[in-house]
Amino acid sequence: MRASMSEAAEPVWVLADPRAGTAAQAIGIAERLGLPFRAVPLEWGPLARLPLGWGTLLGLAPASRGAFRPPWPRLVVSAGRRSAPVALWLRRRGARVVHCMRAPGSAGFDLQVVGAHDGMGPAPNRIEILGAAHRVTPAALAAGRTRFAALGGLPSPRVGLLLGGPVRGEGLDPAIAAALGRRVAGFAGSVMATASRRTGAAATAALAEALAPVPHRLHGWGSAGENPYLGILAWADVMVVSGDSVSMLSEALVTAAPIFIAPLGDEGPRHRALHASLQAAGQARPIDDAPAPFARQPRDEVARIVAAIRERGLLTHE
C-alpha cells in the first residue's frame, strides 16, 4: 500500500530534463492538465548514464537533489530515460507517474507514453501516440494565426518550411539546405521558413539565397524579432519538415496542412521508423511526392494523453 500523501502547493511536478525537446514533452502534458504545476530542473551526475531501473536519486547531481522534499505532488510528469528513476522515487512517496519515452522500470509507471515508432507493443499502463508529446495546441495555433496575421498576406500556396540540421552535431551542409530551398520554391506561391540552431549560419544563408526567387519570410536561429513558428504552422497551406526533428514533425500534426518529410541524410533507424509511422497513418508523405495535395485530419495527441490521465483517475486523491 502506498504511503499517504500530503497536499502539495503544486499538485503536479514536471521533471525538466536539460534537453529542451525532452523537457517539452513533459511540460506540454502538464500545461494541458489545467492545474498548477512546478517544473523541477534536473542536473545529471555521472551515474545517470547507468540503466537505473528502480526509484532512486543517484543519477542526479547533488545540487539537484535538494529540490526533492515534501509536500509531495499528486502527479509527476517526466520524459526521457534518465528522469525515470527520479519519477519512480517520487512514486514510492505516493505520487502517480506519467512518463514519456522508453525507460528501464517501465512497469512501475502509472501511464507510459510512447511513440508508434518505438515499436514497444501494448501494455496495460501504456498509451501509443504518433510522434512525441509537445507544447503546440490548437489554441496556440489560433493565437499564432492572429499574432502573425501578416503571413496571411503572402501568395498561396503558402509553404511552411521547418528546417533542422544534423541529428548529431551542428551545421547543416549548405548544399543540402540550398537544394531543399530550391525544391520548395519550385512549387510554392510563397515560403515561410524557420531554421534551427542545428541548421547553422552558412546553411541558413544558402537557404535564403535559394528562396530569393519567390516571396518568403525566413527566420534564422538568433535572428532579430520574434520567431513566427506558430504563425508558420497556422498559416501554411503545405508543410515541409526536415526529417531530423521528432519535435517539429510531431508539432506539425496539429495543423490541417499536408505534411511532406524531407530527410537530411543522417537520420538513424528511430527517425526512419517515425517517418514510416506517420506515413502509415496517412499523416505525412515523403518530399518526393510534393506538391501533390492529400487530405489529412489534424492530430492532437497530447489531448489524447490528458484524456487517458483523467480516465485512469491519476489526478484523484487516494
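All figures in this text were calculated on a predicted structure; none of them were measured in a lab. We're numbering straight along the sequence, starting at 1.
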Visitor: Could you point out which residue of V77, V98, I29, V97 forms a side-chain contact (heavy atoms from CB on, under 4.5 Å) with L111?
Guide: V98
Visitor: Show your reasoning for whether salt bridge (charged side-chain N to carboxylate O under 4.0 Å, His left out) applies to E251 and R135.
Guide: CA-CA 8 Å; E251 289 160 355; R135 301 179 67 182; over 6 Å; no
Visitor: Should V114 and I309 be counted in the same cluster of Ile, Leu, Val, Met, Phe, Trp and Tyr side chains packed under 4.5 Å apart?
Guide: no
Visitor: Is L233 close to V254 at the side-chain level, that is, under 4.5 Å between some pair of heavy atoms?
Guide: no
Visitor: Any sub-3.5 Å donor-acceptor pair from D266's side-chain atoms to P166's backbone N or O?
Guide: no
Visitor: Under the 3.5 angstrom rule, does the side chain of R102 hit a backbone N or O of D118 as a donor-acceptor pair?
Guide: yes
Visitor: State whether the side chain of S190 and the backbone N or O of P155 hold a donor-acceptor pair below 3.5 Å, judged by distance alone.
Guide: yes
Visitor: Determine yes or no for a side-chain-to-main-chain donor-acceptor pair under 3.5 angstrom, with R65 supplying the side chain and L60 the backbone.
Guide: yes
Visitor: Given 3.5 Å as the limit, does a donor-acceptor pair link the side chain of H275 with the main chain of P263, or not?
Guide: no
Visitor: Examine distances only and state if a side-chain atom of R81 and a backbone atom of L50 form a donor-acceptor pair shorter than 3.5 Å.
Guide: yes
Visitor: Does the R296 side chain pair with the main chain of A257, one donor and one acceptor, at a distance under 3.5 Å?
Guide: yes
Visitor: Got a donor-acceptor contact below 3.5 angstrom from the R126 side chain to the G121 backbone?
Guide: yes
Visitor: Side-chain contact, heavy-atom cut-off 4.5 Å: L274 with I261?
Guide: no
Visitor: List in chain and number order the residues that pass side chain to side chain contact (heavy atoms under 4.5 Å, CB included) with A205, two or more places apart in sequence or in another chain; answer none if no residue qualifies.
Guide: none
Visitor: Against the six-membered ring of W89, is R91 placed for a cation-pi contact (under 6.0 Å from the centre, within 45° of the normal)?
Guide: no
Visitor: Side chain of S242, backbone of G164: donor and acceptor closer than 3.5 Å?
Guide: yes
Visitor: Linking I/L/V/M/F/W/Y whenever their side-chain heavy atoms sit closer than 4.5 Å, directly or via other members, would L207 and W221 fall into one cluster?
Guide: no
Visitor: For P258, does its backbone N or O pair with a side-chain atom of R285 as donor and acceptor, under 3.5 Å?
Guide: no
Visitor: Answer whether the closest heavy-atom distance between the side chains of V76 and V86 falls below 4.5 Å.
Guide: no
Visitor: Is R82 salt-bridged to D17, cutoff N-O under 4.0 Å?
Guide: yes
Visitor: Would you say the side chains of H219 and T194 form a donor-acceptor pair under 3.5 Å?
Guide: no
